[in-house]
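Worksheet: the structure to be examined is printed underneath.
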Protein chains: 2
Amino acid sequence: MTDSDKNTEKTILLSARKIFTIKGFDGARMQEIADDAGINKALLHYYYRTKDKLFEAVFKEVLNLIFPKIISILQSPIPVFEKIEKISLTYIEMLKQNPDLAIFVFHEISRNPRRLVENFRNAGIDFEIIRSQISLEAARGIIVPIKAEHLITNLISMCVFPFIAKPVLKGMMGMDEEAFQQFIEERKSVIPHTLILSLTPDK
Amino acid sequence: MTDSDKNTEKTILLSARKIFTIKGFDGARMQEIADDAGINKALLHYYYRTKDKLFEAVFKEVLNLIFPKIISILQSPIPVFEKIEKISLTYIEMLKQNPDLAIFVFHEISRNPRRLVENFRNAGIDFEIIRSQISLEAARGIIVPIKAEHLITNLISMCVFPFIAKPVLKGMMGMDEEAFQQFIEERKSVIPHTLILSLTPDK
DNA sequence: GTCTATAAACAGATAGAC
DNA sequence: GTCTATCTGTTTATAGAC
């Protein structure tokens, strides 16, 4: 495989990711991806055979950008409050860099849930670790009792949803693009603040 | 317009909504909608001219199912804590009845943000009302100070996101369908509980 | 108002030259 | 490895009979 091959292949994948994440699988056109990559449509098929296989390549890449990081933080041996802060920070920053990823991933998964299992073997998160940590800290009076499922869902919801609902939020709250970016930046501290307040026992 | 006309038109809209919400605009096929409605494909065009216009009819209907209710609660003259409880309850219940609506609406809006403005004139929520209520209650020491934008975003995020991420959450937390329904039911009280804890001043 | 048949445009995929 | 040209199946939309 020559250098040029590698570059073309990489260029295609980059353009494919761009188009797929914006338009979705059904809305994306091979022609548009080729145009964006500055090459011919036939080359896409030369490198990736079918639209499906090209999509799978993109999707696998995206899944591995989104999930492993958060899973590793969730399972790391640090206090719950620190996990909340760390996840808010890294997740929001990642989505700031890739604002279209969230809606894309969840749309495609809901269109075909099998994609999740087929493209993401490392889904092997041991949620029991989180459960026991949270009940342990609750037993010690460090945090208020709460089901791990709800706490984690609350956390991820508040981080991810604003990117999914961006146009609605902007419209509803009268924000321009700059105000929205500022709003997102604020959430890095607002989310931990909110959750930690809700978890702190009365003194 | 005869009774039969009205019924056919309504049947088409019902099937269109079903197919569009599951597959999205790009993934939906006029043939599939016709099959679901038990009629011929040509009839779709007789009643709605184009796929686009049929979609607009569906989308307008869905937007008016999703937004007006929450907006009216947001603007109603009740205390913040009551608003939080009422919105959690009604929104989660509505999404339980229509679990595919959330991902559908946000996907289509993000594909084409113009759809939001064009199909939803009543978007005229006066967010200033919420802002002033929240700063008023904060000034009176009823709640802890927080920007209205963040509080409302937190609330809606926690209500809506679980439906968008359903397959991921089920996989991650090892829930079957029944457990997930139970989980959703619990959120009707978990969300208000979480937010109210975070908003209650120290005593 | 409802159907069958078909037009017209499109999109994914391949053949074959260079 | 990259291109042009083309095939094949699909999909929206319309024509026209009943």
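- Under the 3.5 Å distance criterion, with hydrogens and angles disregarded, no donor-acceptor pair is assigned to the side chains of A/Q182 and A/E178.
- Taking 4.5 Å as the limit, some side-chain heavy atom of B/F120 sits within range of a side-chain heavy atom of B/P68.
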message: For A/K53 and A/E56: C-alpha separation, side-chain torsions, deciding distance, then whether salt bridge (Lys or Arg N to Asp or Glu O under 4.0 Å) applies.
response: CA-CA 5 Å; A/K53 292 200 198 313; A/E56 299 289 318; over 6 Å; no
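- In this structure, the ring of B/H150 has its center less than 6.0 angstrom from the ring center of A/F183.
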Identify each atom pair where a protein N or O and an N or O of nucleotides 7-13 of chain C are less than 3.5 Å apart, giving names and distance.
residue	atom	partner	partner atom	Å
C/dA11	OP1	A/R29	NE	2.9
C/dG12	OP1	A/K51	NZ	3.1
C/dG12	OP2	A/M30	N	3.1
C/dG12	N7	A/K41	NZ	3.3
C/dA13	OP2	A/H45	NE2	3.2
C/dA13	OP2	A/K51	N	2.7
C/dA13	N6	A/K41	NZ	3.1

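- Side-chain N/O atoms of B/Y47 include one lying less than 4.0 angstrom from OP1 or OP2 on C/dG1.
- Whole-Å rounding puts the A/N40 CG to C/dT14 P distance at 15 Å.
- Distance CG (A/L43) to C1' (C/dA15): 15 Å, rounded to an integer number of Å.
- Comparing A/Y46 and A/A42 against DNA chain D, the residue whose closest nucleotide sits nearer the 5' end is A/Y46.
- Using a 30° and 60° split on the angle between ring planes, B/F55 and B/F59 fall in the parallel class, below 30°.
- Put simply, A/T8 has no side-chain N or O that comes within less than 4.0 Å of OP1 or OP2 on D/dG1.
- Following rounding to the nearest Å, B/I39 (CD1) and C/dT4 (P) show an atom-to-atom distance of 12 Å.
- A/K51 pairs by the side-chain contact (heavy atoms from CB on, under 4.5 Å) definition with A/F20, A/F25, A/R29, A/M30, not counting sequence neighbours.
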